[in-house]
Peer 1: 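One structure, pasted below without further comment.
Worth saying up front: this structure is predicted, and the values here are computed from it rather than measured.
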Amino acid sequence: MAKGQEYGEARQGESAAAVNLSIRQTLLLLIVLASVTLASVAVVGMWGSWQGQEGLRRVLEEEVEPIALLIQIDKQLSSVPVRMYGVLNDDFGVPGAQLYVLDTQEKVPLAWQAYLHAMAGSVDAPKKDLIATIAAGMTELPAVLDKLDRLLAADDRPAIAVLLKEDWWAIHLQIVTPARQLIALQQAHVAVSYTAAQGVFRQTLLGTALLLLVGLASFLLVSHRLFRDVINRLDVIEGALARVAEGDLETRVGGSHRGEFGRIIVALDRTADKLRADRQAIDLLQQRQSSILQSMAEGLYGTDTSGRITYVNKAAERLLGWNAAEMLDQPAHRLLHHTRADGTHYPAAECPLYAALARQEVCTSADELFWRKDGSSFPVEFAGAPIVADGQTVGAVVIFRDIGERKHADAALRDALEQAQEYLDVALAVIVVIDCDLRVRLINREGCALLGLGEAEIVGSNWFDRFVPEAERESLRSSFRDWLASTPTGVIAAHNHNNVLTADGRIRLVAWSNALLRDASGAVTGTLSSGVDVTDKHASERQLHATIERLTELNHKLEETQNQLLQSEKMASIGQLAAGVAHEINNPVGFVNSNLGSLRNEVNDLLRVIDAYAAADPILAEHPALMDAISAARDAADLAYLREDVGTLIDESLDGLQRVRRIVQDLKDFSRVDSSEWGFASLEAGLDSTLNIVRNEIKYKAEVRKEYAGIPEVECIAAQVNQVFLNLLVNAAHAIDERGTITLRTGCDAQEVWVEVEDSGKGIAPEILQRIFEPFFTTKPIGQGTGLGLSLAYSIAQRHGGRIEASSQVGSGSKFRLLLPRERERERGDAPAPADTAPPG
């Protein structure tokens, strides 16, 4: 928080040093400066006009006004090819060029008619020939301008270039060149009439130029300081946003909260507070999950891919005798699982837990041995499962319990059976003896009760043919024979669960403990098996496991929903911030745009007056000293450059303001914080607004092509649909490595409309394409993607009753299509649409 505050206060200090006024106050100061400058110029011009009006009246009526009209025609027509070449070089926009062509179509004929009216009755022979040439060109001008307007509308740049070289050159020869010759002739006539008024004109011209230069210099100085102030404050906000994006939620801008940017700073600080509160809620959820693991009665530990322990719960510490600090980063197999249940060495390569890591499979066993810290061992029953992320195994988790008491009980039972066979019938477990031919030689009363037959009906029967379900018969028979043939010398026990087929056709699950029977020579003669009917217990365990799985799934959905909610709230906060910035910038931009428009008109009027005065130079030639002073003043002011540059500066400023306005409008259209409810909106307009928002993300990577079908408006939440467009456009840009193409298409039928985003990027492999809508699934490097973008887009589409379809081919690109119904479905009472459903796995 300290770093963020120091940064904000330092940058705002620079801003305060530059301008101590607010943006509105500075704009008012600009208006005052411009008004004073224009008023001063107007006063000086009026004074000079009053002084020389008697001497210049005849010149103005007979020569200067027609010259001004011809200059207007010359300037208007000479600017047309400049604008067109600007369009060809992408320096000017097509809409602005079209407006200028329309303006030329209107102004040039009017100016020519005014010239003819002014010159009526005072035209000599040379002028008549030139006027006739111009009149012929004027008849062809409308057709050429109409053709140019059509080419601009079609954006046919090659045809525009051809027109400029051929048709427009003819217009230039027929109109512009004769007009300039007329101007030269009439200026020669003016030279005699202007001699008497030359002194007053030069004084007026000098004063006007000086006032204009002083006013422009003051205006540019204040504008420069205003621009620097706005840039500094925007840098402060950008720096704070960057820190929030990097995870520094303690960042606060600090400094003064006055003025327009102060309200933006307050909104930014509130956003950081909200994100920090959300992070604390996530930390609390993780602590609760950790508490659940620590409260388990079974031991639990986790390993990395090399088998080293990364996590241990309290039950594991109690069962093994080590504390967590002693076990962490130790090889699990070498520490506690290095021998089998029979005491033989257990190679790590044969450990089922290591195999689970390699094959990404769940492994279980009830015949393993773990070692404690004090050197003692105990039998365990465990289950191990790999931890998989992005298709890669990153570790394993093992749950185990001490089954020593159960083992002791089984051993005690076997000893009792061997010592006192006469007590078998009173045993509560099923006891059966099967010989090497798979026939029953002995069964107790509990076994008869389980099978539903008398002892005489059972003894002598083939156990596997009669009492094992047909589907499992061959596999169990083969496994039993293999066990008999491969078991080494000694009393070896085996445990398993098998289904048993009873006389009435029921299938019961029995947990068996098996031991080999040997004769005096040690040869295997059969098995003694003790079984317990665990059908009901197993059903209860399945139900418990199903409950646990449901709880796990619900927990996962809760976490997914929470992350999506955080993402939605973050986008909503950023949208509110963007709308606030757009609103605050819109007001000063309106001031500047209006004032620059007025300034352009008034500067044009002033330059026409200066041009009229310039026609008096021949008259002033009789006063060398005064003429030299005026020439020196002209050279110092570089009046010719000023004439060309001031109009360009104002036009470029107006063009820049129009771009700012478009960006501001796109920010408002994209965020749509004032329209978060359902309503009809144009998807094509939303797509264009979103495209302008991410233009910097795309313009260096791809060319955007639009194939819009003019689809109708649909009923939707526009801000959420814009968020889907944002995710699809950014993903399309990221999929392109060098330079490519992004194509935007729209279409519709009677029921739904669709928007398609297609890129020419590297494409998506089929196995990845099946998972792209899963929450948290991403192929981007760590830290560059959350895996929530497409998942959130999928949820938004479903919320609107629509869907997203994706297709891709590796090396050729990908295509995503958003389909939405024209109108959302409503339940009785105009209820909202059904709630979200999870995306497909």
Peer 1: Under the criterion salt bridge (charged side-chain N to carboxylate O under 4.0 Å, His left out), I'd like the reasoning laid out for Lys373 against Glu326: C-alpha separation, chi angles, the key distance, then a yes or no.
Peer 2: CA-CA 10 Å; Lys373 179 181 180 180; Glu326 294 172 322; 2.8 Å; yes

Peer 1: What's the shortest heavy-atom distance between Thr310 and Asp304, and which atoms?
Peer 2: CG2-N, 3.8 Å

Peer 1: Go through Phe480 and Phe464 one step at a time and tell me if the ring pair (Phe, Tyr, Trp, His ring centres under 6.0 Å) criterion holds.
Peer 2: CA-CA 10 Å; Phe480 186 77; Phe464 294 94; 5.2 Å; yes

Peer 1: Looking at Arg803 and Glu752, is any side-chain nitrogen of the basic one under 4.0 Å from a carboxylate oxygen of the acidic one?
Peer 2: yes

Peer 1: Taking the side chain as every heavy atom from C-beta outward, state whether Val757 and Lys815 have any pair of such atoms under 4.5 Å apart.
Peer 2: no

Peer 1: Nearest 0.5 Å please: distance from the CD1 atom of Ile796 over to the SG atom of Cys716.
Peer 2: 11.0 Å

Peer 1: Kindly state whether the ring of His337 and the ring of Phe370 have centres lying under 6.0 angstrom apart.
Peer 2: yes

Peer 1: Taking all non-hydrogen atoms of both residues into account, name the closest pair between Thr502 and Leu450 and its distance.
Peer 2: CG2-O, 3.2 Å

Peer 1: Any salt bridge between Glu805 and Arg817, counting N to O under 4.0 Å?
Peer 2: no

Peer 1: Donor-acceptor pair, distance only, cut-off 3.5 Å: does the side chain of Asn313 make one with the backbone of Leu300?
Peer 2: yes

Peer 1: For Asp759 and Gly761, indicate whether the former's side chain and the latter's backbone hold a donor-acceptor pair under 3.5 Å.
Peer 2: yes

Peer 1: May I ask you to test the Glu823-Pro821 pair for a side-chain heavy-atom distance under 4.5 Å?
Peer 2: no

Peer 1: How far apart are the C-alpha atoms of Val500 and Leu509, what are their side-chain angles, what is the distance that settles it, and do they pass the side-chain contact (heavy atoms from CB on, under 4.5 Å) test?
Peer 2: CA-CA 6 Å; Val500 172; Leu509 181 64; over 6 Å; no

Peer 1: Measure across Thr303 and Ala332 and return the closest heavy-atom pair with its distance rounded to 0.1 Å.
Peer 2: CG2-CB, 4.1 Å

Peer 1: Would you give the length of the straight line joining atom CZ of Arg477 to atom CG of Asp482, rounded to the nearest 0.5 angstrom?
Peer 2: 12.5 Å

Peer 1: Rounded at 0.5 Å granularity, tell me how far CD in Glu381 sits from CD1 in Ile403.
Peer 2: 5.5 Å

Peer 1: Are any side-chain N or O atoms of Arg401 and backbone N or O atoms of Glu298, one a donor and one an acceptor, separated by less than 3.5 Å?
Peer 2: no

Peer 1: Which value, rounded to the nearest 0.5 Å, describes the distance between Tyr301 atom OH and Leu335 atom CG?
Peer 2: 9.0 Å

Peer 1: Could you tell me whether Asp402 and Arg372 make a salt bridge, using a distance below 4.0 angstrom between a side-chain N and a carboxylate O?
Peer 2: yes

Peer 1: Nearest heavy-atom pair of Cys436 and Gly526: which atoms, and what distance?
Peer 2: SG-N, 3.9 Å

Peer 1: Any side-chain heavy atom of Ile443 within less than 4.5 Å of one from Glu455?
Peer 2: yes

Peer 1: Apply the test side-chain contact (heavy atoms from CB on, under 4.5 Å) to residues Val440 and Val432: give CA-CA distance (whole Å), side-chain angles for both, the deciding distance (0.1 Å), then the verdict.
Peer 2: CA-CA 7 Å; Val440 179; Val432 60; 3.8 Å; yes

Peer 1: Please check if any side-chain donor atom of Gln330 sits under 3.5 Å from a side-chain acceptor atom of Arg308, or the reverse.
Peer 2: no

Peer 1: Considering only NZ, NE, NH1 and NH2 on the basic side and carboxylate oxygens on the acidic side, decide whether Glu470 and Arg473 come within less than 4.0 Å.
Peer 2: no

Peer 1: Please examine the side chains of Val430 and Ser530, heavy atoms only from C-beta on, and report whether any two atoms are closer than 4.5 Å.
Peer 2: no

Peer 1: Between Arg466 and Leu453, is any pair of side-chain heavy atoms under 4.5 Å apart?
Peer 2: yes

Peer 1: Counting only N and O atoms by type, is there a donor-acceptor contact under 3.5 Å from the side chain of Ser377 to the main-chain atoms of Trp371?
Peer 2: no

Peer 1: To the nearest 0.5 Å, tell me how far Asn496 CG sits from Trp483 CH2.
Peer 2: 8.5 Å

Peer 1: Does Arg340, at its CZ atom, have more than 12 non-hydrogen atoms belonging to other residues, nucleotides or ligands within less than 6.0 Å?
Peer 2: yes

Peer 1: Any side-chain donor-acceptor pair under 3.5 Å between Ser529 and Asn514?
Peer 2: yes

Peer 1: Tell me whether His333 contacts the main-chain N or O of Tyr346 through its side chain, where contact means a donor paired with an acceptor under 3.5 Å.
Peer 2: yes

Peer 1: Kindly indicate, with the supporting measurements, whether the criterion side-chain contact (heavy atoms from CB on, under 4.5 Å) is fulfilled by Val388 and Val394.
Peer 2: CA-CA 6 Å; Val388 180; Val394 297; over 6 Å; no

Peer 1: Is there a side-chain contact (heavy atoms from CB on, under 4.5 Å) between Glu368 and Ser365 once you walk through the steps?
Peer 2: CA-CA 7 Å; Glu368 299 291 340; Ser365 177; 3.2 Å; yes

Peer 1: May I ask you to test the Leu820-Val721 pair for a side-chain heavy-atom distance under 4.5 Å?
Peer 2: yes

Peer 1: Starting at CG of Asn499, measure out to OG1 of Thr535 and round the result to the nearest 0.5 Å.
Peer 2: 7.5 Å

Peer 1: Which atom pair, heavy atoms only, marks the closest approach of Glu317 to Val312?
Peer 2: CG-CG1, 3.8 Å

Peer 1: If we only count heavy atoms from C-beta on, is the Thr364 to Phe382 side-chain gap below 4.5 Å?
Peer 2: no

Peer 1: So, Ser475 side chain and Glu472 main chain: donor-acceptor pair closer than 3.5 Å or not?
Peer 2: yes

Peer 1: What closest approach, in Å, do His345 and Pro347 show between heavy atoms, and which atom pair accounts for it?
Peer 2: O-CD, 3.4 Å

Peer 1: Please examine the side chains of Val468 and Trp463, heavy atoms only from C-beta on, and report whether any two atoms are closer than 4.5 Å.
Peer 2: yes

Peer 1: Do Asn323 side-chain atoms and Arg318 backbone N/O form a donor-acceptor pair below 3.5 Å?
Peer 2: no

Peer 1: Ignoring hydrogens and angles, tell me if any N or O in the side chain of Arg822 forms a donor-acceptor pair with the backbone of Asp749 under 3.5 Å.
Peer 2: yes

Peer 1: Can Asp504 and Arg506 be counted as an ion pair, charged N to O under 4.0 angstrom?
Peer 2: yes

